[in-house]
Amino acid sequence: MLGHLLERNVQWADQKNADEPGYFARLATHQSPEFFWIGCSDSRVPANVVAGLDPGEVFVHRNVANIIHSADMNMLSALEFAVETLKIREIIVCGHFGCGGVKAATEDLPHGLADHWLEPIRRLARSYAVDLAQENGEEARRDKLAELNAIEGVRRVAETPILQHAWRTGVNIRVHGLIYGLKDGRLRDLDCTVGPGHFNEEAAQ
């Protein structure tokens, strides 16, 4: 299996060089992505592929069920690097329908360490129990919960000291929530974008 993977890499690299001579030499000198993508680890949702972007165009952090934990130093370090070093001004929190993490969070079965990680989704499910109950069927309820989790992720990214400091100092960063459909390959805007005005609203409260 590893040999097959390496063979495919050679084929891809050779084809890329043939299509765009000097491509890798240019890419190796620097990266200047326009987007920071926080997504799920699911192998069916690779950020640059589903967004139609090339390597170097999107900086990516992924975890199980694209959860934003306020003490996740891995995510926070990537966020800080994206904002302060790469100067990225568009941040995306992307969930997806059919998410295994969301499914696990709605089950009574034990899932080991994942149960600790998925706790924020269970909390969301309790908070929105009335809304979720209006959905038709378990799959629809889980997909709605996946949307709510991405929206919550946008809010939690906006509340980080990293974003609050950037907005306070006049940096124009926007945070968007998207959901990806495994069955049709489409990204959908969840209409929960926040920007510099979010800091002003929070400060006024």
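Count residues from 1 along the sequence. Keep in mind that what you see is a predicted model, and the values were worked out from it rather than measured.
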When you measure from the side chain of Arg174 to the backbone of Pro196, do you find a donor-acceptor pair of N or O atoms at a distance under 3.5 Å? no
Is the NZ atom of Lys103 crowded by more than 12 outside heavy atoms at less than 6.0 Å? no
Side chain of Arg62, backbone of Asp42: donor and acceptor closer than 3.5 Å? yes
For Leu27 and Gly56, which heavy atoms make the closest approach, and how far apart are they? CD1-CA, 4.0 Å
Would you sort out whether Arg89 and Asn172 count as a side chain to side chain contact (heavy atoms under 4.5 Å, CB included), showing the intermediate values? CA-CA 7 Å; Arg89 299 299 178 253; Asn172 185 20; 5.5 Å; no
Smallest heavy-atom separation, Ala65 atom then Gly101 atom, equals CB-CA, 4.1 Å
Has Tyr128 got more than 12 heavy atoms of other residues, nucleotides or ligands less than 6.0 Å from its OH? no
Rounded to the nearest 0.5 Å, what's the gap from CD1 on Ile121 to CG on Asn66? Could you check? 7.0 Å
Between Thr160 and Val157 (side chain of the first, backbone of the second, donor and acceptor by atom type, cut-off under 3.5 Å), is there such a pair? yes
Quick one, Cys99 and Cys40 - any side-chain contact, counting heavy atoms below 4.5 Å? yes
So, taking the atom named CZ in Arg188 and the one named CZ in Phe97, what distance separates them when rounded to the nearest 0.5 Å? 5.5 Å
For a 4.5 angstrom cut-off between non-hydrogen side-chain atoms, does Thr193 reach Val175? no
Using 0.5 Å steps for rounding, measure from the CD1 atom of Ile179 to the CG atom of Asp189. 11.5 Å
Under 6.0 Å from the CG atom of Leu113, do we count more than 12 heavy atoms belonging to anything else shown? no
Passes side chain to side chain contact (heavy atoms under 4.5 Å, CB included), Thr106 versus Arg142? Steps please. CA-CA 8 Å; Thr106 61; Arg142 286 170 175 161; 2.9 Å; yes
Shared hydrophobic cluster, Leu148 / Ile67 (ILVMFWY, side-chain heavy atoms < 4.5 Å): yes
Val64-Met73 co-clustered via ILVMFWY side chain contacts under 4.5 Å: no
Show the numbers, then the answer: is there a salt bridge (charged side-chain N to carboxylate O under 4.0 Å, His left out) between Glu159 and Arg156? CA-CA 5 Å; Glu159 290 176 345; Arg156 294 181 71 87; 5.4 Å; no
In Å, rounded to the nearest 0.5 Å, how long is the span from CD of Glu34 to CG of Leu86? 12.5 Å
CD1 (Ile38) and CG (Asn63) are apart, to the nearest 0.5 Å, by 8.5 Å
List the atom of Leu145, the atom of Leu132, and the distance in Å for their closest heavy-atom pair. N-CD2, 3.9 Å
Salt bridge or not between Glu138 and Arg141? Use side-chain N to carboxylate O under 4.0 Å. yes
Could you state whether Leu79 and Trp37 fall into the same hydrophobic cluster, counting links through intermediate Ile, Leu, Val, Met, Phe, Trp or Tyr residues with side-chain heavy atoms under 4.5 angstrom apart? no
Interatomic distance, CZ@Arg122 vs OG@Ser127, rounded to 0.5 Å, equals 13.0 Å
Leu53 vs Phe35, test: side chain to side chain contact (heavy atoms under 4.5 Å, CB included). Steps then yes/no. CA-CA 10 Å; Leu53 299 172; Phe35 303 97; 4.0 Å; yes
Candidate list Leu182, Val50, Val49, test side-chain contact (heavy atoms from CB on, under 4.5 Å), partner Arg44, passing option: Leu182
Before you tell me yes or no, could you show the steps for Trp117 and His69 under ring-ring contact (aromatic ring centres under 6.0 Å, His included), namely the whole-Å CA-CA distance, both residues' side-chain angles and the distance that decides it to 0.1 Å? CA-CA 9 Å; Trp117 179 259; His69 280 273; 4.3 Å; yes
Considering all heavy atoms, the nearest Trp167-Ile173 contact: NE1-O, 2.9 Å
According to a 4.5 Å side-chain heavy-atom criterion applied to Ile, Leu, Val, Met, Phe, Trp and Tyr, with indirect links allowed, do Met75 and Val93 form part of one hydrophobic cluster? yes
Do Val83 and Val60 belong together in a cluster built from hydrophobic side chains that touch within less than 4.5 Å? no
May I ask you to check whether Trp12 and Phe24 place their ring centres under 6.0 Å from each other? yes
Is it true that atom CD of Glu139 has more than 12 heavy atoms of other residues, nucleotides or ligands lying nearer than 6.0 Å? no
Main chain of Leu76, side chain of Asp72: is a donor-acceptor contact present, judged purely on distance under 3.5 Å? no
Restricting to non-hydrogen atoms, name the atom on Glu57 and the atom on Asp54 that form the minimum distance, rounded to 0.1 Å. OE1-N, 2.7 Å
Between Asp115 and Glu119, does a side chain to side chain contact (heavy atoms under 4.5 Å, CB included) hold up when you go through it step by step? CA-CA 6 Å; Asp115 286 327; Glu119 190 277 331; over 6 Å; no
Would you call Arg186 and Asp184 a salt bridge, taking side-chain N to carboxylate O under 4.0 Å as the test? no
Exceeds 12 heavy-atom contacts within 6.0 angstrom, atom CG of Asn136: no
Is the shortest heavy-atom distance from the side chain of Tyr23 to the side chain of Pro55 under 4.5 Å? yes
Aromatic ring centroids of Phe81 and Phe36 under 6.0 Å? no
Considering all heavy atoms of both residues, which atom of Cys192 and which atom of Ile151 are nearest to each other, and what is their separation? SG-CG1, 3.9 Å
